[in-house]
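Working notes, structure below.
Below, all heavy atoms of this structure are taken into account, side chains as well, without hydrogens, waters or symmetry copies. Keep in mind that this is a model prediction, so the values were computed, not measured.
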Amino acid sequence: MYDSTDIQSNKGMAIIAYILFFIPLIAAKDSKFAMYHANQGLTLFLCCVILNVVLGIIPIIGWILLPLANLALFIFAILGIVAAAQGQVKPLPIIGGYTLLK
């Protein structure tokens, strides 16, 4: 499904996708591997923004859950970076099944 030369030449872009998801959209738009990880990075970013806004508004309970949610999202980012560095196409836990980019 994914070409091994594509994976080898775009591992760096795939790793960057979890930090700045839009970089692979510009620099490696022809790579299926980099675009997969860019999609995962975008999904992670949107979840981070939504959770921070929603939990930041909810008094007390939201403020308690906010650091835990951020820790979980940080762990998801680490899992994504490790998968990209190993050349794997693994969806992130819970949020990895959504496709936002074609």
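Distance check, rounded to the nearest 0.5 Å: CG of L68 to CG of L73 gives 11.0 Å. Q88 CD to Y36 OH: the interatomic distance, rounded to the nearest 0.5 Å, is 10.5 Å. Expressed to the nearest 0.5 Å, how far CG of N10 lies from CG of D30 amounts to 9.5 Å. Taking CG of L55 as the start and CH2 of W63 as the end, the distance is 12.0 Å to the nearest 0.5 Å.
What you find for P24 and A34 is that their closest heavy atoms are CB-O, 4.1 Å.
Here Y18 pairs with H37 under the ring-ring contact (aromatic ring centres under 6.0 Å, His included) rule; sequence neighbours left out. The side chain to side chain contact (heavy atoms under 4.5 Å, CB included) check on K29 picks up nothing, with sequence neighbours excluded. With sequence neighbours excluded, no residue forms a side chain to side chain donor-acceptor pair (under 3.5 Å) with Q8. In this view, S4 satisfies the side chain to side chain donor-acceptor pair (under 3.5 Å) rule with no residue, not counting sequence neighbours. Partners of D3 under the side chain to side chain contact (heavy atoms under 4.5 Å, CB included) rule, at least two apart in sequence or in another chain, are T5, D6.
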Check the pair M35, L25 against side chain to side chain contact (heavy atoms under 4.5 Å, CB included), reporting the backbone distance first and the verdict last.
CA-CA 7 Å; M35 291 304 288; L25 296 176; 3.3 Å; yes
Trace of the side chain to side chain contact (heavy atoms under 4.5 Å, CB included) decision for K11 with Q86:
CA-CA 8 Å; K11 274 186 185 179; Q86 293 176 346; over 6 Å; no
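If you chain together hydrophobic residues whose side chains sit under 4.5 Å apart, L79 and L71 fall into the same group. No path of Ile, Leu, Val, Met, Phe, Trp and Tyr side chains, each step under 4.5 Å between heavy atoms, connects L65 with F74, placing them in separate hydrophobic clusters. A single hydrophobic cluster is seen to contain both I19 and M13, as judged by linkage of ILVMFWY side chains at heavy-atom distances under 4.5 Å, directly or through other members.
Heavy atoms from other residues, nucleotides or ligands lying under 6.0 Å from CD1 of I60 number 12 at most. Other residues, nucleotides and ligands contribute only 12 or fewer heavy atoms inside 6.0 Å of the CD1 atom of I61. Environment of OH in Y2: crowded, with over 12 heavy atoms of neighbouring residues, nucleotides or ligands closer than 6.0 Å. Under a cut-off of 6.0 angstrom, the local environment of NZ in K90 is sparse, with at most 12 non-hydrogen atoms contributed by other residues, nucleotides or ligands.
Using a 4.5 Å cut-off on side-chain heavy atoms (C-beta onward), F33 and V89 make contact. Taking the side chain as every heavy atom from C-beta outward, F76 and I95 approach each other to under 4.5 Å.
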Throw together a table of side-chain donor-acceptor distances under 3.5 angstrom for residues 39-52, partners on residues two or more places apart or in other chains.
residue, atom, partner, partner atom, Å
N39, OD1, L100, N, 2.6
N39, OD1, L101, N, 2.9
N39, ND2, Y98, O, 3.0
Q40, OE1, L92, N, 2.8
Q40, NE2, G96, O, 3.0
T43, OG1, N39, O, 2.8
N52, OD1, N70, ND2, 3.2
N52, ND2, C48, O, 2.7
N52, ND2, N70, OD1, 3.0

